[in-house]
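The structure appears below as structure tokens.
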Amino acid sequence: MVYIISKRDGPHREELAAKDFLQKNRTTVNALANHLTLGRWQQLRNPAPPPQPQPSGKLWSTPPARPKEAEPYVRISHNGRVVIADLASGRQLDFVGELRGHGHSRYFALATRENGIFEPLNDELYKVLADLEGVGVPDETSEAHLEQIISGRLGLDAISRSVE
């Protein structure tokens, strides 16, 4: 058996019947589509502009945030980093150096390129703290003493370790 398929001009009978059926039942089709899409069908076909906010009569103003002056202090963290930090925010302002070694053989290493630090101290800080390079820091008492020495040389107020 051979089927001959030829192209005709215009729509087929089936297409016309389907189009006519949809036109006659448009309200029912829209109602079903809205039900199945939870109302999104109608919103897609007739998008409504969003409602304008109603004025409440209240004026809201927030004062501009003024950056507070930094309150720097010297801090030695648990991992041995010696930094100058801001008391209010806790943010690091400057990296001074680090404690290297273990136990009683710990020592202070300044932040210099020779010690493997990528961003070394600026020249002014280095001149003030250069003689502290290699100072032994065997225990926590020595750490507190080192914090006081660095704070004194930099002119920072000595803040007790209880802040941490």
Pairwise side-chain contact, [X] with [Y], heavy-atom cut-off 4.5 Å (strictly under):
| X | Y | answer |
| --- | --- | --- |
| Ile150 | Leu129 | yes |
| Phe108 | Leu99 | yes |
| Leu156 | Val74 | yes |
| Glu143 | Asp139 | no |
| Phe95 | Glu119 | no |
| Arg113 | Pro120 | yes |
| Ile117 | Thr112 | no |

Practice task
Give a yes or no on whether Val135 and Val96 share a hydrophobic cluster (residues Ile, Leu, Val, Met, Phe, Trp, Tyr; joining criterion: side-chain heavy atoms under 4.5 Å apart).
Solution key: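 Both belong to a single hydrophobic cluster.
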Side-chain donor/acceptor pairs under 3.5 Å, residues 21-29, sequence neighbours excluded:
| residue | atom | partner | partner atom | Å |
| --- | --- | --- | --- | --- |
| Lys24 | NZ | Asp20 | OD2 | 3.3 |
| Asn25 | ND2 | Phe21 | O | 3.1 |

Exercise for the section: Taking all non-hydrogen atoms of both residues into account, name the closest pair between Gly90 and Ala85 and its distance. Expected result: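 Heavy-atom minimum between the residues: O-CB, 4.4 Å.
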Exercise for the section: Evaluate whether atom CD of Glu14 has more than 12 neighbouring non-hydrogen atoms of other residues, nucleotides or ligands under 6.0 angstrom away. Expected result: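 Enclosed.
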Practice task
If a pair satisfies side chain to side chain donor-acceptor pair (under 3.5 Å) and one of its residues is in residues 121-132, list it, with sequence neighbours excluded.
Solution key: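 Residue pairs passing side chain to side chain donor-acceptor pair (under 3.5 Å), neighbours aside: Asp131-Arg153.
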Problem - Distance-only donor-acceptor check, side chains Glu133 and Asn115, under 3.5 Å - result: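 The answer is yes; a qualifying pair exists.
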Exercise for the section: State, without any angle test, whether Arg75 and Gln92 hold a side-chain donor-acceptor pair at a distance under 3.5 Å. Expected result: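 There is no such pair (donor and acceptor under 3.5 Å, judged by atom type) between the side chains of Arg75 and Gln92.
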Say you draw a straight line from [atom1] of [X] to [atom2] of [Y]; how long is it, rounded to the nearest 0.5 Å?
| X | Y | atom1 | atom2 | answer |
| --- | --- | --- | --- | --- |
| Ile149 | His145 | CD1 | NE2 | 3.5 Å |
| Leu32 | Trp41 | CG | CH2 | 11.5 Å |
| Arg100 | Ser105 | CZ | OG | 13.0 Å |

Exercise for the section: Could you tell me whether Glu15 and Arg13 make a salt bridge, using a distance below 4.0 angstrom between a side-chain N and a carboxylate O? Expected result: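 Answer for the salt bridge query: no.
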Exercise for the section: Take Leu121 and Leu110 through the test side-chain contact (heavy atoms from CB on, under 4.5 Å) and record every step on the way to the result. Expected result: CA-CA 8 Å; Leu121 282 172; Leu110 275 173; 3.6 Å; yes
Exercise for the section: Verify, without hydrogens or angle tests, whether Arg81 (side chain) and Ile76 (backbone) share a donor-acceptor contact under 3.5 angstrom. Expected result: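 Flag not set: sc Arg81 to bb Ile76 has no pair under 3.5 Å.
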Exercise for the section: Mark yes or no for whether Asp86, through its side chain, and Arg91, through its backbone, hold a donor-acceptor pair below 3.5 Å. Expected result: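 Looks like no, no N/O pair under 3.5 Å.
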Problem - Option from Val82, Leu154, Leu125 for which side chain to side chain contact (heavy atoms under 4.5 Å, CB included) with Asp94 holds - result: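 It is Leu125; the other options fail the test.
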